[in-house]
**Q** 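Before anything else, here's the structure in question.
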Number of protein chains: 2
Amino acid sequence: MPHPAKTVSKAADPSVQTVDTSYLESLMGYNARRASLAIISEFLAQMSVYGLRPVDFSVLSLITHNPGITSRQLCVALGLLPPNLVGLVNSLQGRELILRRPHPHDGRAMGLHLSAKGKKMMRDAEQTAAELERNATSALNPTENRQLMSLLKKIYQKPSGKGATA
Amino acid sequence: MPHPAKTVSKAADPSVQTVDTSYLESLMGYNARRASLAIISEFLAQMSVYGLRPVDFSVLSLITHNPGITSRQLCVALGLLPPNLVGLVNSLQGRELILRRPHPHDGRAMGLHLSAKGKKMMRDAEQTAAELERNATSALNPTENRQLMSLLKKIYQKPSGKGATA
DNA sequence: TATTGTTATACTCTATAACTATA
DNA sequence: TATAGTTATAGAGTATAACAATA
């Protein structure tokens with residue numbers, strides 16, 4: 001990995017004037033993490049009005065587009081551990097955004113559904129998410145946007161690619 | 001944001017057969033996080049032989065390329081909070097990978113430097129990091145690799161782009 | 001016997017307040 | 001007065017073990 005000097009330093013002087021981060025910036029992992037955090041910080045700011053963290057939004061979105069989904073399925077799809085989903089689902093139920101119904105074919109499981117209140121909120125929240133994404137990617141033209149989306153999928157859609165964690 | 005149906009479901013049946021994640025996959029934030037996690041998991045696996053977490057590697061890399069850097073400068077460059085860096089630096093010093101020298105111009109600060117042992121280890125670690133990155137991005141050809149790197153930088157190198165967090 | 005959902009709990013990561021010594 | 005480094009501590013996020021109910 002090359003790392004062309006990006007900053008001017010006084011060479012032999014041990015006291016650093018300007019920090020040279022060019023090596024780290026030559027690593028894909030570093031850039032991917034920075035970009036991911038930049039979008040997430042935008043998300044945190046814009047979605048706070050709904051009281052939704054990224055993981056809450058992900059769960060509610062999957063319920064929205066998969067009515068009747070079980071906790072187990074949510075865990076697999078989002079890379080969550082079952083014990084950590086319990087409190088989250090309880091919280092969303094306490095806020096009357098979702099409700100649990102008996103699963104039609106499995107007495108152990110509960111199907112998760114959006115309430116009317118939850119549906120209304122998610123219509124707004126998904127629209128806000130779309131606006132937020134346009135803002136976070138405003139430095140990209142439409143072609144670059146499609147390219148980036150495609151390249152990111154190539155990175156994680158591989159045999160070694162495990163589940164997400166959020 | 002469009003989200004073309006990617007999975008076949010039995011429509012009105014509330015019990016979900018296959019989870020439809022196409023909406024989430026239409027969001028740049030979701031894809032960026034998944035890609036970032038895929039590379040980090042590769043990093044965790046390959047760098048465990050050195051006993052280095054991503055944040056340890058980042059700190060050691062900045063010291064490598066900025067001998068004499070201070071804790072404060074590390075915090076700013078990596079988005080760490082000072083109290084959380086103390087234990088990390090103490091640990092690296094305890095492992096005899098780095099050493100603290102008095103700062104030449106500021107009696108409050110200490111300049112951080114790699115020990116001979118630290119230099120040897122980082123030569124190996126940075127080579128491993130390069131191999132690991134090639135593996136993590138093996139689905140991309142050289143042109144795509146450059147494109148992705150460039151597009152990621154465009155995302156986080158904006159006025160609103162805050163510091164990293166690790 | 002295996003799986004869904006749950007409780008309890010521990011470990012890591014991140015954040016805030018307050019202190020010291022130097023500038 | 002402001003800054004570098006530190007301590008103590010609180011809060012999230014993430015992890016494992018073990019259990020009851022159902023398959």
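Note that the structure is predicted; figures quoted are calculated from it, not measured.
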**Q** Less than 4.5 Å apart, side chain to side chain, heavy atoms only: is that true for B:Phe57 and B:Thr128?
**A**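 With C-beta onward as the side chain, the pair stays apart.
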
**Q** B:Leu112 has an atom CG; how far is it from atom P of D:dA4, in whole Å?
**A**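 In whole Å, D:dA4 P lies 13 Å from B:Leu112 CG.
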
**Q** List the residues meeting side chain to side chain contact (heavy atoms under 4.5 Å, CB included) with B:Glu131, not counting sequence neighbours, and say none if there are none.
**A** B:Gln127, B:Arg134

**Q** Would you say B:Tyr50 and B:Leu97 make side-chain contact, with heavy atoms under 4.5 Å?
**A** no

**Q** Rounded to whole Å, please give me the gap between CG in B:Leu81 and C1' in C:dA18.
**A** 15 Å

**Q** Does OP1 or OP2 of D:dT6 have a side-chain N or O of B:Arg100 closer than 4.0 Å?
**A** yes

**Q** So, the side chain of B:Glu133 versus the backbone of A:Met28: is there a donor-acceptor pair under 3.5 Å, distance only?
**A**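 Here the side-chain-to-backbone pair exists.
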
**Q** What is the distance, rounded to the nearest whole Å, between atom CG of B:Leu85 and atom P of D:dG5?
**A** 9 Å

**Q** Mind listing the closest non-hydrogen atom pair of A:Lys154 and B:Ala139 along with its distance?
**A**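 Between these two residues, the closest heavy atoms are O-CB, 3.6 Å.
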
**Q** Tell me: CG of A:Asn84 to C1' of C:dA8, nearest whole Å?
**A** 12 Å

**Q** Which residues in residues 87-98 of chain B have at least one heavy atom lying under 4.0 Å from any atom of DNA chain D?
**A** none

**Q** Within a reach of under 6.0 Å around NZ of A:Lys119, are more than 12 heavy atoms found that belong to other residues, nucleotides or ligands?
**A**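 It does not: A:Lys119 NZ has 12 such atoms or fewer within range.
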
**Q** What is the separation between atom CG on A:Leu44 and atom C1' on D:dA12, rounded to the nearest whole Å?
**A** 12 Å

**Q** At under 4.0 Å between heavy atoms, how does the protein contact nucleotides 18-23 of chain D? Give one character per nucleotide, 5' to 3', with B, S or -.
**A** ----BS

**Q** How many whole angstroms separate atom CG of A:Leu74 from atom C1' of C:dT4?
**A**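 Result: 13 Å.
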
**Q** Taking the side chain as every heavy atom from C-beta outward, state whether B:Ser71 and B:Met110 have any atom pair closer than 4.5 Å.
**A** no

**Q** How far does CG of B:Leu92 sit from CG of B:Leu85, to the nearest 0.5 angstrom?
**A**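 Rounded to the nearest 0.5 Å, the CG-CG separation comes out at 8.5 Å.
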
**Q** Quick one: does any side-chain atom of A:Asp56 pair with a main-chain N or O of A:Arg53 as donor and acceptor, under 3.5 Å?
**A**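 Yes, the answer is positive, given that a donor and an acceptor are paired below the 3.5 Å cut-off.
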
**Q** To the side chain of B:Val86, which of C:dT14, C:dT6, D:dT7 is closest?
**A** D:dT7

**Q** Report yes if a side-chain nitrogen or oxygen of A:Arg53 is closer than 4.0 Å to either non-bridging phosphate oxygen (OP1 or OP2) of D:dG13; otherwise report no.
**A**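 Checking A:Arg53 against D:dG13: at least one side-chain N or O falls below 4.0 Å of OP1 or OP2.
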
**Q** Find the distance B:Arg72:CZ to C:dT20:P and express it as a whole number of Å.
**A**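 Distance check: B:Arg72 CZ to C:dT20 P gives 21 Å.
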
**Q** Tell me the interatomic distance from A:Ile40, atom CD1, to D:dA12, atom P, rounded to whole angstroms.
**A**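 Rounded to whole Å, this separation is 18 Å.
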
